[in-house]
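These notes concern the structure reproduced below.
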Amino acid sequence: MIMTVTRFAPSPTGYLHIGGLRTALFSWLYAKHTGGTFRLRIEDTDMARNSEEALEAIIQAFEWVGMSYEGEVVYQSKRLDIYKKYIDYLLAEGKAYRCYMSKEELDTLREEQTARKERPRYDGRYRNFTGTPPQGVEPVIRIKAPESGMIEFTDGVKGEISIAGSEVDDFIIARSDGIPTYNFVVAVDDALMGLTDVIRGDDHLYNTPKQIVVYKALGFKIPNFYHVAMINNEQGKKLSKRDGATDVMEYKALGYLPEALLNFLVRLGWSHKDQEIFSIEEMIALFDPNDLNKSASNYNLDKLLWLNAHYIKNMPNAKLAIVLKEYGVHIEEHDKRELLLDATKERGKTLVELADQIHLILNAPQNYDEKDTKKAFKEDTKEILEDFVHLLQNWEKPLHLPVDYHAVMQRLVEDKQIGFGKIGMPLRVSLLGSMTGAGMDEIMAILGVDETIARIQKATVCIK
RNA sequence: GGCCCCAUCGUCUAGCGGUUAGGAUCCAUGGUUUUCAUCCAUGUUACCGGAGUUCGAGUCUCCGUGGGGUCACCA
């Protein structure tokens, strides 16, 4: 297998959103799949829009999901002299030229073209200019794009793409302040970094012919391109901030496990037969960008939630306890840790919900919801609970495990000739202050006899 | 608007000329359970429309429709 070099190249203008994370994941997986290299490059040539916080947020998101990049992060803002060298070369070769058109002139031209219902484009007026340049205008540098013919390339996702050369105008590769522009630096860096495969969103499809112009002008080898279809919202429209969590780190705050998020994202646009659950190792082993879907997919929370619940359920307790620390639950050293987690991990779709479940057990209820108590407490309830306390206090054997407590409940229902329902719900409300939650036997085993009795007694006092 | 891309259950998807169109999620029902959840079983729901090619089309071609992307001295 050929070792690939892939990259993720965000611009630090905002947080990392899930669409970006998915393309990064695809790139990362493909590199790992081939035993190749995955790199991170920051596209920060637009000095005005860069932000330090955005950069940190992106790095942080990568850390959280556990995607590692090799080598140093490449910052384009630190490579300006390299780009200048290539621009000078193109100028010298006559493959690029200075254009003295001012912004205002350009705007006017575009307005005229739009009025004539033409596609706004640069008219090439300085392409072969040999006269005296106008005074007071700092020129931009434009690259000579083919005036006719087709620019063709094979996209690993979309197939054969051909775009008329006339659709690509002599685009600007360096602004009047000398800073090179996106399509130029992307091509230069992708080539210089030895990229074999470029996986990116299909909103970049139209940049590809432009970048190919640069590759050809500079004599670089053209990499394989994969343009991944977008992720839309539930309505099939472009994902925006209004669609809730789009910031990757927001998912952490909401209680999602990174493995669930990654599993969710990898299945958006990619599949392997009927398989739904993929460990990272399986993803790496099976992923191939050539299997990527052509069509856009809609973002839907249900599947993510289901996956998250799955990963929570199947996570070893020791690891779960560590993860839970971020959600205010500190039970790593708790002597009933295993019992606590076994009793609750199937009841939370998110870590936030799981933390709530655990809090319910660990902290005695401060008050009792009136609706719950009305439902759970009948006339004979107080007496039943008191009998139960009495049984607990006089139980001849030590009470440790859930089965021990189960035996006590068993004895109670037998002695009093009642159903489990008579004791179960009142007991639950007494211990948790809630109608739902973990199994009674487990809860009591976690609390211990003393705390169990204390909570029941408190409840019987509070409730008339 | 020009150019480009896309189109299977509500959603994520399998399918790669011959299938009772499969799986997952969601939803509903039943079972298990002292509650809830888990788990198990069952069920409802899809090939955008129209031509063509072919013995045969969800699969190939064309047209239409719908959706998306893109047209910066942003990335």
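As the structure is a prediction and not an experimental result, all values here were calculated from the model. A, B, ... follow the sequence lines: proteins, then strands. Residue 1 opens every chain.
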Separation of [N] [atom2] from [X] [atom1] (nearest whole Å):
X	N	atom1	atom2	value
A/Phe225	B/C5	CZ	P	16 Å
A/Phe278	B/A24	CZ	C1'	11 Å
A/Leu239	B/G67	CG	P	19 Å
A/Lys313	B/A37	NZ	P	13 Å
A/His227	B/C5	NE2	P	13 Å
A/Tyr299	B/C26	OH	P	15 Å
A/Ile277	B/C12	CD1	C1'	13 Å

- request: Specify the residue among A/Glu118 and A/Met425 whose closest nucleotide of RNA chain B lies further upstream toward the 5′ end.
  value: A/Glu118
message: By nearest heavy atom, map A/Lys237 and A/Lys117 onto RNA chain B; which one lands nearer the 5' end?
response: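 Its nearest nucleotide being more 5', the pick is A/Lys117.
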- prompt: What heavy-atom pair brings A/Glu451 and A/Ala364 nearest, and what distance separates the two atoms?
  reply: OE2-CB, 4.0 Å
Which whole number of Å gives the distance between the [atom1] atom of [N] and that of [M]?
N	M	atom1	answer
B/C48	B/U11	P	12 Å
B/C3	B/C63	P	12 Å
B/U20	B/C4	P	40 Å
B/C16	B/G23	P	16 Å
B/U8	B/G2	C1'	31 Å
B/G69	B/C73	C1'	23 Å
B/U42	B/G22	P	14 Å
B/U59	B/A7	C1'	13 Å

Looking at [options], which one has an atom nearest to any side-chain atom of [X]?
X	options	result
A/Asp274	B/C12, B/G22, B/U34	B/G22
A/Glu167	B/U13, B/C3, B/A24	B/C3
A/Asn300	B/U13, B/U11, B/C12	B/U11

Using atom types as modelled, flag every donor-acceptor pair under 3.5 Å from a side chain in residues 197-204 of chain A to any protein atom, sequence neighbours excluded.
{"from": "A/Asp197", "atom 1": "OD2", "to": "A/Asn224", "atom 2": "ND2", "distance (Å)": "3.0"}
{"from": "A/Asp197", "atom 1": "OD2", "to": "A/Tyr226", "atom 2": "OH", "distance (Å)": "3.1"}
{"from": "A/Arg200", "atom 1": "NH1", "to": "A/Thr208", "atom 2": "OG1", "distance (Å)": "3.1"}
{"from": "A/Arg200", "atom 1": "NH1", "to": "A/His227", "atom 2": "NE2", "distance (Å)": "3.3"}
{"from": "A/Arg200", "atom 1": "NH2", "to": "A/Gln211", "atom 2": "OE1", "distance (Å)": "2.6"}
{"from": "A/Asp202", "atom 1": "OD2", "to": "A/Lys158", "atom 2": "NZ", "distance (Å)": "2.9"}
{"from": "A/His204", "atom 1": "ND1", "to": "A/Tyr182", "atom 2": "OH", "distance (Å)": "3.1"}
{"from": "A/His204", "atom 1": "ND1", "to": "A/Asn207", "atom 2": "ND2", "distance (Å)": "3.1"}

How long is the span from the [atom1] atom in [X] to the [atom2] atom in [Y], to the nearest 0.5 Å?
X	Y	atom1	atom2	answer
A/Asp44	A/Ser51	CG	OG	11.0 Å
A/Asn317	A/Ile331	CG	CD1	8.0 Å
A/Arg267	A/Ile277	CZ	CD1	10.0 Å
A/Leu360	A/Asp356	CG	CG	8.0 Å
A/Tyr405	A/Ile443	OH	CD1	12.0 Å

Looking only at N and O atoms, is any donor in the side chain of [X] or the base of [N] less than 3.5 Å from an acceptor on the other one?
X	N	answer
A/Arg428	B/U35	yes
A/Lys273	B/A14	no
A/Glu234	B/G10	no

field: Cation-pi check, A/Arg142 onto A/Tyr122 ring (under 6.0 Å, within 45° of axis)
entry: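 That pair qualifies as a cation-pi contact.
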Which residues, if any, of [range] bring a heavy atom under 4.0 Å of RNA chain B?
range	result
residues 286-296 of chain A	A/Asn293, A/Lys294, A/Ser295
residues 305-312 of chain A	A/Trp306
residues 78-86 of chain A	none
residues 145-161 of chain A	A/Lys158, A/Ile161

Can you check whether [X] and [Y] have ring centres sitting under 6.0 Å from each other?
X	Y	result
A/Phe220	A/Tyr86	yes
A/Trp270	A/Phe278	yes
A/Tyr97	A/Tyr126	no

- request: Quick one: sort the A/Tyr100 and A/Phe129 rings into parallel, tilted or perpendicular, breaks at 30° and 60°.
  value: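 Correct class here is tilted.
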- request: Please state whether the rings of A/Tyr299 and A/Tyr251 are parallel, tilted or perpendicular, taking 30° and 60° as the class boundaries.
  value: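 The rings of A/Tyr299 and A/Tyr251 stand perpendicular, inter-plane angle above 60°.
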query: At under 4.0 Å between heavy atoms, what does A/Gly439 touch on the DNA or RNA strands: base, sugar-phosphate, or nothing?
result: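 If one applies the 4.0 Å heavy-atom cut-off, A/Gly439 turns out to touch a base.
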query: Base, sugar-phosphate, or nothing for A/Ala48, non-hydrogen atoms under 4.0 angstrom?
result: nothing
Return the pairing partner of [N] with a 3.5 Å limit on both distances, Watson-Crick or G-U wobble; otherwise return none.
N	result
B/C16	none
B/U61	B/A51
B/G56	none
B/C3	B/G69

Contact pattern, 5' to 3', of nucleotides 69-75 of chain B - B, S or - by protein heavy atom under 4.0 Å: BSSSBBB
message: Taking salt bridge (charged side-chain N to carboxylate O under 4.0 Å, His left out) as the criterion, tell me which of A/Arg127, A/Lys144, A/Arg98, A/Arg121 meets it with A/Asp170.
response: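 By the salt bridge (charged side-chain N to carboxylate O under 4.0 Å, His left out) criterion, A/Asp170 pairs with just one of A/Arg127, A/Lys144, A/Arg98, A/Arg121: A/Arg127.
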Okay, side chain of [X], backbone of [Y]: is any donor-acceptor separation there less than 3.5 Å?
X	Y	result
A/Arg175	A/Pro180	yes
A/Asp190	A/Leu195	no
A/Glu346	A/Ala343	no
A/Ser11	A/Glu43	no

query: Is the distance from OP1 or OP2 of B/U35 to the nearest side-chain N or O of A/Thr436 less than 4.0 Å?
result: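 A/Thr436 to B/U35 OP1/OP2: no side-chain N or O under 4.0 Å.
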message: Does A/Asp288 form a side-chain hydrogen bond (donor to acceptor under 3.5 Å, both in side chains) with A/Asn290? I'd like the steps, not just the answer.
response: CA-CA 5 Å; A/Asp288 187 322; A/Asn290 293 295; 2.9 Å; yes
